[in-house]
Amino acid sequence: MGRFTMEAKIMEEVTVFLDILEQEDRHSGFDVHNHLTVSVSAIISSLIFGKHFTHDDPYFVRLLDCLYRLSKVVTPDASNFIPGISLLPNSNFRRFKTYYNEVKTDFFEKEIAEHTARLDTENPRDFIDVYLTKMIELRKAGKHTTFSEEQLLVLVSDIFGAGSETTTTTLKWAFLYMIRHPDKQSKVQEELDRVIGRSRLPCLNDQASLLYTQATLFEVFRRSSVVPLGVFHAAVKETTLAGYRIPEGAIIGPNLWGIHHDPALWQNPNEFQPERFLDSDGNLMKPDTLLPFSAGLRTCIGELLARQEAFLFFASVLQRFNLVPPEGGPVPEDSGLLSIVLASKPYKMRAIVR
Ligand code: HEM
């Protein structure tokens, strides 16, 4: 995920997204969900498949629909702790298997087969090519390896699943908080106008000079905690942590939402307050307790990409638009809906060109 290659790909999608917002704006407002999902997924798809899909490509729209249904049945429910539940006829696990098979056979297996047929090991074009090239190299060298076609399939599905909805959900929260807190929105816009102006779009190098904008994104990451219970892991052996015995095989879910809303760590944790990440001289502070991507050896592999996407989409949208509720319409609520991500409830907004 080389910084500059990804920046160019993200900005291609940001530009399309800004035009869509401008076209969509109407007094009654619109739901940004579908357009944002397509934009963010198009970035992942160019990384993994090397393909740039347009927003109305029927193949891509169907893939996203399948992935959406899949994501809704991946929930931290009782089946994680009571294994028998997953065998019940209508369990989330059974539905997961049905939806996963659909995505696997209709999309991912086909893409991998196409890549295998066209592979040029000297010129890998995307993630699948790089993986296949490495697998062939290891097999030729007769080395024991975990690289396999089956692993690649699961990886592609993991990266799509983990990389698209998380980022989309974060950005939807970011827009929602800006609508709920117009004073914070104006402060971000004042900073963008002062540092960048309006004649060019923001770029990653601007981050170092946009401290209030960054603090606002930190606060979005904290307050929304889009992966509230992290990803569950199992203890590989018995251990003791803070006086508690953790038996081998126990399922562990880190309560990231709990850390982000602990009053012992954050003053008025339920308030949206970007200023908590700035010291009295206006310098940005990142406390160790801000952990949207979790911690430890298995922390999110997409953190860098996600931070870049969040910054470039957020800064570009606020540079061009004022985000407000629909005319006479409700201000969006800040309570969430839980699946594996904690999403905002569907809401409508207006994006008025500044
Ligand atoms: C704002 C956006 C995102 C958030 C908040 C987020 C958060 C997380 C969290 C909390 C985990 C669990 C780590 C653990 O097991 O302890 C995780 C895992 C993961 N994330 Fe992200 N993520 C985001 C974006 C992305 C993106 C853009 C990608 C891919 C390009 C990605 C790929 C993954 C993968 C593959 C895993 C599983 C890693 C493993 O199994 O070891 N994520 N993410």
Side-chain angles (χ1 to χ4, degrees), residues 1-3 5-7 9-10 13-14 36-50 64 67 70-71 74-76 80 100 108 126-128 130-131 146 151-177 204 214 216-236 241 250-260 286 288-315 336 338-344:
M1 296 189 199
R3 173 172 165 165
T5 328
M6 288 321 294
E7 180 171 18
K9 286 191 196 309
I10 299 167
E13 278 309 317
V14 165
L36 203 48
T37 303
V38 179
S39 291
V40 169
S41 306
I43 296 166
I44 304 268
S45 117
S46 63
L47 181 78
I48 307 282
F49 298 154
L64 297 186
L67 287 169
L70 190 60
S71 74
V74 185
T75 52
N80 287 105
Y100 177 66
F108 296 154
D126 49 45
F127 178 83
I128 296 182
V130 172
Y131 189 97
T146 58
Q151 279 290 347
L152 174 58
L153 205 55
V154 178
L155 265 177
V156 167
S157 145
D158 264 0
I159 296 177
F160 249 109
S164 172
E165 210 187 344
T166 44
T167 311
T168 305
T169 304
T170 304
L171 280 163
K172 275 170 59 186
W173 279 116
F175 299 155
L176 179 148
Y177 282 120
L204 292 176
Q214 291 217 64
T216 306
L217 280 172
F218 280 6
E219 183 66 341
V220 170
F221 282 128
R222 181 194 73 82
R223 188 66 187 84
S224 62
S225 300
V226 293
V227 191
L229 298 174
V231 170
F232 288 0
H233 293 282
V236 287
L241 185 69
I251 304 284
I252 315 286
N255 186 352
L256 302 178
W257 191 96
I259 297 170
H260 289 161
K286 184 178 174 297
D288 294 342
T289 44
L290 178 64
L291 294 168
F293 301 94
S294 199
L297 294 176
R298 288 289 291 269
T299 177
C300 173
I301 59 155
E303 175 170 353
L304 180 64
L305 176 63
R307 285 189 187 281
Q308 293 177 350
E309 288 176 322
F311 172 77
L312 292 170
F313 273 88
F314 181 70
L338 182 67
S339 56
I340 192 154
V341 297
L342 183 59
S344 53

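One-based numbering, in listed order, for ligands and for the atoms of each. If you read the sequence from its start, that first residue is 1, and numbering goes on from there.
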Is it true that Phe49 and Phe160 have ring centroids separated by less than 6.0 Å? yes

Taking the six-membered ring for Trp, are Trp173 and Tyr177 parallel (under 30°), tilted (30 to 60°) or perpendicular (over 60°)? parallel

Measure from the side-chain N and O atoms of His260 to the backbone N and O of Leu290, and report whether any donor-acceptor pair falls under 3.5 Å. no

Pair listing, side-chain hydrogen bond (donor to acceptor under 3.5 Å, both in side chains) test, anchored in residues 153-164, at least two apart: Ser41-Ser164

Per-atom contacts of ligand 1 with Leu256, taking only distances under 4.0 Å to non-hydrogen atoms: 10 (C)

If hydrogens are left out, which of Gln308, Arg307, Arg298 has an atom nearest to atom 41 (O) of ligand 1, that is, the closest non-hydrogen atom? Arg298

Val14 side chain reached by Glu309 side chain, heavy atoms, under 4.5 Å: no

State the CD1-CE distance between Ile43 and Met6, to the nearest 0.5 angstrom. 6.5 Å

Numbered in order shown, the ligand 1 atoms found under 4.0 Å of a heavy atom of Ile301 are 32 (C), 33 (C), 34 (C), 35 (C)

Taking both backbone and side-chain atoms of Ser294, is any N or O found less than 3.5 Å from an N or O belonging to ligand 1? yes

Near Thr170 (heavy-atom distance under 4.0 Å), the atoms of ligand 1 are 1 (C)

Any N/O pair His233/ligand 1 closer than 3.5 Å: yes

Salt bridge flag under 4.0 Å for residues Glu13 and Lys9: no

Mark up the atoms of ligand 1 that fall under 4.0 Å of a heavy atom belonging to Leu305, in ascending order. 30 (C)

Could you tell me which atoms of ligand 1, counted from 1 in the order shown, lie closer than 4.0 angstrom to a heavy atom of Pro292? 5 (C), 7 (C), 10 (C)

Judged on heavy-atom distance to atom 22 (N) of ligand 1, which of Cys300, Ser225, Ala306 sits nearest? Cys300

Can you list the atoms of ligand 1 that are under 4.0 Å from a heavy atom of Val226? 5 (C)

Please tell me if the side chains of Ile48 and Tyr131 come closer than 4.5 Å, counting only heavy atoms from C-beta onward. no

Relative to ligand 1, is Leu47 under 4.0 angstrom through side chain, backbone, both or neither, heavy atoms considered? neither

Numbered atoms and elements of ligand 1 in range of Ile159, under 4.0 angstrom, heavy atoms: 29 (C), 30 (C)

